[in-house]
There are 4 protein chains.
Amino acid sequence: MKADERKKMILEYAKRLFSRKGYYNTQISDIVHEAKIARGTVYQYFKNKDDLFVTLIRNFYNEWERNISLGMHKIDLKTIDPVDYFFFRVRNTLQFLANDADLCNIVLRMGIGLSGGLESSIRRFEKKIQNLIIADLRLGIRNNHVRKDLNIEMTSNLITGALLRTALYFFTHKKNRINPAEIEKITREITGIFAPAIFIQKNI
Amino acid sequence: MKADERKKMILEYAKRLFSRKGYYNTQISDIVHEAKIARGTVYQYFKNKDDLFVTLIRNFYNEWERNISLGMHKIDLKTIDPVDYFFFRVRNTLQFLANDADLCNIVLRMGIGLSGGLESSIRRFEKKIQNLIIADLRLGIRNNHVRKDLNIEMTSNLITGALLRTALYFFTHKKNRINPAEIEKITREITGIFAPAIFIQKNI
Amino acid sequence: MKADERKKMILEYAKRLFSRKGYYNTQISDIVHEAKIARGTVYQYFKNKDDLFVTLIRNFYNEWERNISLGMHKIDLKTIDPVDYFFFRVRNTLQFLANDADLCNIVLRMGIGLSGGLESSIRRFEKKIQNLIIADLRLGIRNNHVRKDLNIEMTSNLITGALLRTALYFFTHKKNRINPAEIEKITREITGIFAPAIFIQKNI
Amino acid sequence: MKADERKKMILEYAKRLFSRKGYYNTQISDIVHEAKIARGTVYQYFKNKDDLFVTLIRNFYNEWERNISLGMHKIDLKTIDPVDYFFFRVRNTLQFLANDADLCNIVLRMGIGLSGGLESSIRRFEKKIQNLIIADLRLGIRNNHVRKDLNIEMTSNLITGALLRTALYFFTHKKNRINPAEIEKITREITGIFAPAIFIQKNI
DNA sequence: GATGAATGAGTCTTCATTCAT
DNA sequence: CATGAATGAAGACTCATTCAT
């Protein structure tokens, strides 16, 4: 097997195991046993267990960065309905998270208990998502779509928490695969809950 | 030192360490070193490391059960403004979590990565809080305060996620102690965000 | 067993094994097997294999520093015959090295092949002994006992090499214990070889 | 590249690495990386790591045997000044060792810590050189040049130790290349130190 | 009850060697 | 011949737990 494929394959098995059993309860033995390869092979492709884990997370980020703004460039910020904008953002995020339940589980659930660098590598994701929300809220205020008296720090926390928990709940707890239609429906509900309190209702 | 005090003291040190470093990165050595007691002493009071951890969590639950309905019995569900009811619930929850940043950190952040029973012992808290919210929403619908077309499963997730993240953000990330006035303010903001979409607006 | 005794005992077994098989061919398993203790016990007393080794060497140095000038303070440098002074120095050194064939073997024979800090910790001994010789030669020149045209760097190397090799040869190669009388004899021979070329022959 | 050249090239890289880092700290990886060849190629030319090392040492011996008596056949043992004879021997030995600092380092410094056969393969060199000295001393006694009361075992050790340490000191510690003139000078000093004690001074 | 020395199963990691391409 | 992916035995080190004092 070529180096590239083998590396990908090891990452795949590791991801599943880390997701199901966590970092510390996943042994290199488990990975090589599942992948039916020799113990040393893992170390040909990854410096150590940490490296394996961090590579997984890094890949996740890269993927996310590529996906989060998918289709957004077509949007004209001046003319789009701010509620639609919110809707797009939420849907893109959920769609992305729905793609990989294992990574979703790892990134959203693994909390403290990872030593040193590992934890912060995980935490970064939440920060990134929250920063995006903050930026969007500020943009909305400048464009007169979002209520000026909104507590941005607070609201960004509420939305981030609500969003991530929804993803975790629907994409990892529930076993059956989630289809785009369902994500559309979930997104509509989330938008319905947050929109009234956030946006300036122009045409009532 | 009396047996009871000694046990409490060990739990206290363990809590701080588990909170800061996680379960797997906290060694019995760390605990006995911090507590300035002998290695074996821990085992006089706890069957093993797991027991120590589970006892911590169990105490947390008992405390929570005692606190969550604090002052609620005085309320007449027939006459209270549903928004006030929501407000009370949120405040009680936040107040409770604000009391112990370490346990807050453990319960809200420790995710997968705990073997077997440990994880589920942690997960139970989120389920309990969500069930409470679901019960409250149903009650509201029966009493004609909450919109009938609300997706309860969905909404309970949004509120749970928003609430827990807020608690984590303000009570563990921020170093300075949170005072009741601040909690009051935070609670008002949360209520302000969720109320418009959840409750039937009778008097507009 | 008390901590102090146990530590000493482990060092003793480690010394013998390091001496006979070298650093890399001595496994922690070998040590615990010989000492009839558990694997972990070694790590209760030493941070790691390196630490065990370095402790051994450090003890050797401390011992040497204490021994090298043994009985020298009684000597009046102005009146003593310089050849006798040389004789005393050589005898003290040999006597010290004869006491512990294993450490002698480790310090004199273990060369390159020890990673990083380990090697330099060994090398220090040779430097120390050579520096002592250099200091003595300079002293001799100042006191008009040693020939002024002597190449000190060169000569110190010759004496160091000759001395250490003799120690290695007689104290570790030969199995039978060396007694003081033999050391006396060896010392006389060494003195006999070097004295004519080094000292100014006053009374011929 | 031809098989012969390739083998020589691998030996060259191995020698440098063994000399700098020792046997156990030199990995096959290091060698193939330095030589920019594939991992398996080494095993096309050498049975294993041991074989690589032993070949290195064997080459050294062959070279030494060829060199040690260089120019000695022209000498008439009956007429040559014994001090000159000693001088020639020392110079030849030093000249040979000065040629290859890396091998000098390996052979003179690598002590215990090599498993089984490897160590004895190294030790042989010291024995050979000492045996040569012993033979020369005996020859000197027979020819009435060397003092009859000399302790041969002892003296051979002193000379061997002095000689090897000098080689190590000047040819591996010192970075700058040693030229023939310097070797000549060093040889003269060594001869100056040992000659007075060893030879019968006929013409004073 | 308290102590802390001792235990040893369990893990990660290394690295010489093999072998199909 | 050359390659480099794969192997797996071997070794260092950790740490929860026990138990004699």
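Lettering follows sequence order; numbering is per chain, from 1. Keep in mind that this is a model prediction, so the values were computed, not measured.
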Does a side-chain N or O from C:Arg39 land closer than 4.0 Å to OP1 or OP2 of F:dG11, or not?
-> no
Looking at D:Lys21, D:Arg20, D:Arg39, which one forms a salt bridge (Lys or Arg N to Asp or Glu O under 4.0 Å) with D:Asp30?
-> D:Lys21
Check every strand shown and say whether C:Ala3 touches a base, only sugar-phosphate, or nothing at a heavy-atom separation below 4.0 Å.
-> nothing
Separation of A:Met9 atom CE from F:dA6 atom C1', in whole Å?
-> 12 Å
Can you tell me the Watson-Crick or wobble partner of E:dT21, both distances under 3.5 angstrom?
-> F:dA2
Between B:Arg6 and A:Gln27, just flag the one whose closest nucleotide in DNA chain E comes earlier from the 5' side.
-> B:Arg6
How close or far is atom P of F:dT14 from atom CG of B:Asp30, stated in whole angstroms?
-> 13 Å
Looking only at side-chain N and O atoms, does B:Tyr43 come under 4.0 Å of OP1 or OP2 in F:dC19?
-> no
Using a 4.5 Å cut-off on heavy atoms from C-beta on, say whether the side chain of C:Leu52 contacts that of C:Ile31.
-> yes
Rounded to the nearest 0.5 Å, how far does CZ of A:Phe125 lie from CG of A:Leu103?
-> 10.0 Å
Under 4.0 Å between a side-chain N/O of C:Ser29 and OP1 or OP2 of F:dG11, yes or no?
-> no
Under 4.0 Å between a side-chain N/O of B:Thr41 and OP1 or OP2 of E:dA2, yes or no?
-> no
Assign A:Gln44 to base, sugar-phosphate, or nothing according to its heavy-atom contacts below 4.0 angstrom with the strands shown.
-> base
Would you mind reading off the distance between A:Leu17 atom CG and E:dC12 atom P, rounded to a whole angstrom?
-> 12 Å
With distance as the sole criterion, is a donor-acceptor pair present between the side chains of C:Tyr23 and C:Asp50 under 3.5 Å?
-> yes
d(CG, A:Leu52; P, E:dT13) in whole Å | 10 Å
Choose from E:dC15, F:dC13, E:dA6 the nucleotide whose nearest atom is closest to any side-chain atom of C:Tyr45.
-> E:dA6
Separation of F:dA12 atom P from C:Phe53 atom CZ, nearest Å, is 14 Å
What integer distance in Å separates A:Tyr24:OH from F:dC15:P?
-> 10 Å
Below 3.5 Å, can you tabulate the donor-acceptor pairs from side chains in residues 4-16 of chain A to any protein atom, sequence neighbours excluded?
residue : atom : partner  : partner atom : Å
A:Glu12 : OE2  : A:Lys15  : NZ           : 3.0
A:Lys15 : NZ   : A:Asp100 : OD2          : 2.6

Whole-Å distance between E:dT11 P and A:Ile31 CD1?
-> 13 Å
Round to the nearest Å and state the distance from A:Lys49 atom NZ to E:dC12 atom P.
-> 5 Å
The answer to which of C:Asp50 and D:Lys2 contacts DNA chain F further toward the 5' end, by nearest nucleotide, is D:Lys2
